[in-house]
A.B. asks: 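There's a structure below that I have some questions on.
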Amino acid sequence: MNKAIKDKVVVVTGANRGIGAAIVATFLDQGASKIYLAVRDVNSTKELESKFGDRVVTIEADVSDTKSIQALAAKTTDANIVINNAGVGNPQSTIGDTVEEDFQFQLEVNAFGLLRVANAFAKTLEKNKGALVQLNSIASMKNFSHLSTYSASKAASYNLTQGLRSELGPKGVTVISVHPGPVATEMGKNAGFEDGASTNTIAEAIAMGLEKGDFHVFPDEMAKQVGAAYEGFSENVVLADFSE
């Protein structure tokens, strides 16, 4: 049983499928007492509700809507762990007629969505000495040209996650940045990746990251390669205290 998860109340955005659904199953298996399924379509979690019963509670929420996320936070003040999994990942190169519109959309969900979640839940997580987990990507560290705007939006969310670590960490909140490579989800297939890592691999790595208290989590084989190359920069720049 994972001590960081056992008897904890968890909020998962985008909980209805893919990585989100795998997180729900993994965290309940590792002892979470209750998980709030924060989704745009409340009918999309019926299978999870049938499987897990009253251990899950569905709440309508949209990370692209500030009032919606504030309402979610107001209904879940018992939360110990908030996992911001919801995101979008449309293929879009840097050159193109629709690139500005697409980039604005992906920023709205992937970067501003994190800001909304973090600001709405900050007081709850400070009070409960909880954890905020952000699903970023290896694309936050390297631009993949056919996913250029997605990569840029995840770079923004990763940078914001670093800021949250600096601000919330001293207040007793654990902040974790998760950086998967390609994952076997509908989003992954749409991005052109056929042989991605399993969603369970990602969920289990998040659970382990919470138990260890690591800031960076590199769950799958491709991610681990990136993480190994990034380690020196992480230790000497990202995690370093430049105020000294």
Side-chain angles (χ1 to χ4, degrees), residues 1-5 10 12-15 17-27 29-30 81-89 91 106 110-111 114 131-148 150-166 169 174-240:
M1 202 68 73
N2 188 316
K3 292 180 181 178
I5 296 173
V10 185
V12 181
T13 66
R17 60 180 181 174
I19 295 173
I23 291 170
V24 172
T26 297
F27 276 52
D29 184 61
Q30 296 199 20
I81 302 169
V82 175
I83 302 178
N84 187 38
N85 164 72
V88 292
Q106 299 209 53
N110 295 339
L114 168 59
L132 174 65
V133 179
Q134 167 64 16
L135 266 291
N136 287 316
S137 169
I138 60 169
S140 65
M141 300 167 175
K142 172 181 170 55
N143 186 286
F144 291 84
S145 60
H146 72 296
L147 298 170
S148 184
Y150 170 76
S151 300
S153 72
K154 284 298 185 180
S157 68
Y158 172 43
N159 199 280
L160 291 169
T161 310
Q162 294 175 41
L164 291 169
R165 173 182 172 272
S166 297
T174 300
V175 176
I176 294 179
S177 184
V178 186
H179 298 265
V183 184
T185 61
E186 184 179 334
M187 184 186 295
K189 290 179 181 178
N190 290 340
F193 298 107
E194 294 296 330
D195 299 316
S198 75
T199 55
N200 288 336
T201 295
I202 313 306
E204 289 166 6
I206 293 170
M208 184 178 297
L210 277 165
E211 190 167 41
K212 293 170 65 178
D214 293 335
F215 175 60
H216 291 111
V217 172
F218 295 96
D220 54 279
E221 289 308 310
M222 182 183 289
K224 283 180 170 61
Q225 291 179 16
V226 173
Y230 192 70
E231 185 174 3
F233 182 81
S234 170
E235 290 296 327
N236 293 299
V237 179
V238 176
L239 302 179

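Throughout, numbering of the chain's residues begins at 1 and tracks the sequence. Values below: all heavy atoms of this structure, side chains included; hydrogens, waters and symmetry mates excluded.
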A.B. asks: Any donor and acceptor pair, going by atom type alone, linking the side chain of Ser137 with main-chain N or O of His179 inside 3.5 Å?
C.D. replies: no
A.B. asks: State which residues pass ring pair (Phe, Tyr, Trp, His ring centres under 6.0 Å) with Phe215; sequence neighbours excluded, sorted by chain then number.
C.D. replies: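 If we apply the ring pair (Phe, Tyr, Trp, His ring centres under 6.0 Å) test to Phe215, skipping adjacent residues, there are no hits.
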A.B. asks: Which pairs with one or both residues in residues 207-221 pass salt bridge (charged side-chain N to carboxylate O under 4.0 Å, His left out), sequence neighbours excluded?
C.D. replies: Lys212-Asp214
A.B. asks: Looking at Ala207, is its backbone amide N or carbonyl O close enough to the side chain of Asn2 to form a donor-acceptor pair, meaning the two atoms are under 3.5 Å apart?
C.D. replies: yes
A.B. asks: Decide whether Asn136 and Ser177 meet the rule of one side-chain donor and one side-chain acceptor closer than 3.5 Å.
C.D. replies: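 Side-chain D/A pair, Asn136 to Ser177: present.
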A.B. asks: From Ile23 CD1 over to Asn85 CG, what is the distance, rounded to the nearest 0.5 angstrom?
C.D. replies: 4.5 Å
A.B. asks: Going from CG on Leu164 to CD1 on Ile176, what distance comes out if it is rounded to the nearest 0.5 angstrom?
C.D. replies: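 Here the rounded value is 13.0 Å.
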A.B. asks: Yes or no on side chain to side chain contact (heavy atoms under 4.5 Å, CB included) for Val226 and Met141, after CA distance, side-chain angles and deciding distance?
C.D. replies: CA-CA 9 Å; Val226 173; Met141 300 167 175; 3.9 Å; yes
A.B. asks: Taking only residues two or more places apart in sequence or in another chain, which ones pass side chain to side chain donor-acceptor pair (under 3.5 Å) with Glu204?
C.D. replies: none
A.B. asks: Tell me the closest heavy-atom pair linking Ala131 and Leu210, and the distance in Å.
C.D. replies: CB-CD2, 3.6 Å
A.B. asks: Search all heavy atoms of Gly209 against all heavy atoms of Val217 and return the closest pair with its distance.
C.D. replies: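 Looking at all heavy atoms of both residues, the shortest contact is CA-CG2, 3.9 Å.
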A.B. asks: Tell me the closest heavy-atom pair linking Ile138 and Ala223, and the distance in Å.
C.D. replies: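 Nearest pair, atom of Ile138 first, then Ala223: CG2-CA, 3.8 Å.
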A.B. asks: Going by ring pair (Phe, Tyr, Trp, His ring centres under 6.0 Å), name the residues that satisfy it together with Phe27, two or more places apart in sequence or in a different chain.
C.D. replies: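 For Phe27, no residue satisfies ring pair (Phe, Tyr, Trp, His ring centres under 6.0 Å) once neighbours in sequence are set aside.
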A.B. asks: I need the Asn200 CG to Ile19 CD1 distance, nearest 0.5 Å.
C.D. replies: 10.5 Å
A.B. asks: Where is the tightest heavy-atom contact between Gly89 and Tyr150, given as atom of each residue plus distance?
C.D. replies: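 Scanning both residues completely, I find the closest heavy atoms to be CA-CD1, 3.5 Å.
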A.B. asks: Quick one: does any side-chain atom of Thr174 pair with a main-chain N or O of Gly213 as donor and acceptor, under 3.5 Å?
C.D. replies: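 Not at all, since once roles are kept as given, no pair shorter than 3.5 Å links the two residues.
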A.B. asks: Evaluate the side chain to side chain contact (heavy atoms under 4.5 Å, CB included) criterion for residues Val133 and Val178: first the C-alpha distance (whole Å), next the side-chain angles of each, then the deciding distance (0.1 Å), finally the verdict.
C.D. replies: CA-CA 7 Å; Val133 179; Val178 186; 3.6 Å; yes
A.B. asks: Provide the closest heavy-atom pair for Leu135 versus Lys154 in the form atom of the first, atom of the second, distance.
C.D. replies: O-NZ, 2.7 Å
A.B. asks: Would you give me the side-chain donor-acceptor pairs under 3.5 Å for residues 228-236, sequence neighbours excluded?
C.D. replies:
residue, atom, partner, partner atom, Å
Tyr230, OH, Tyr158, OH, 2.7
Ser234, OG, His216, ND1, 3.2
Asn236, ND2, Gly232, O, 2.8

A.B. asks: Tell me every residue that passes side-chain contact (heavy atoms from CB on, under 4.5 Å) with Leu160, counting only those two or more places apart in sequence or in another chain.
C.D. replies: Ala111, Leu114, Leu115
A.B. asks: Looking only at heavy atoms, what is the nearest atom pair of Pro219 and Ile202, with distance?
C.D. replies: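 Between these two residues, the closest heavy atoms are CB-CD1, 3.7 Å.
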A.B. asks: In Å and rounded to the nearest 0.5 Å, what is the CG to CD distance from Leu147 to Gln106?
C.D. replies: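 Leu147 atom CG to Gln106 atom CD measures 8.0 Å (nearest 0.5 Å).
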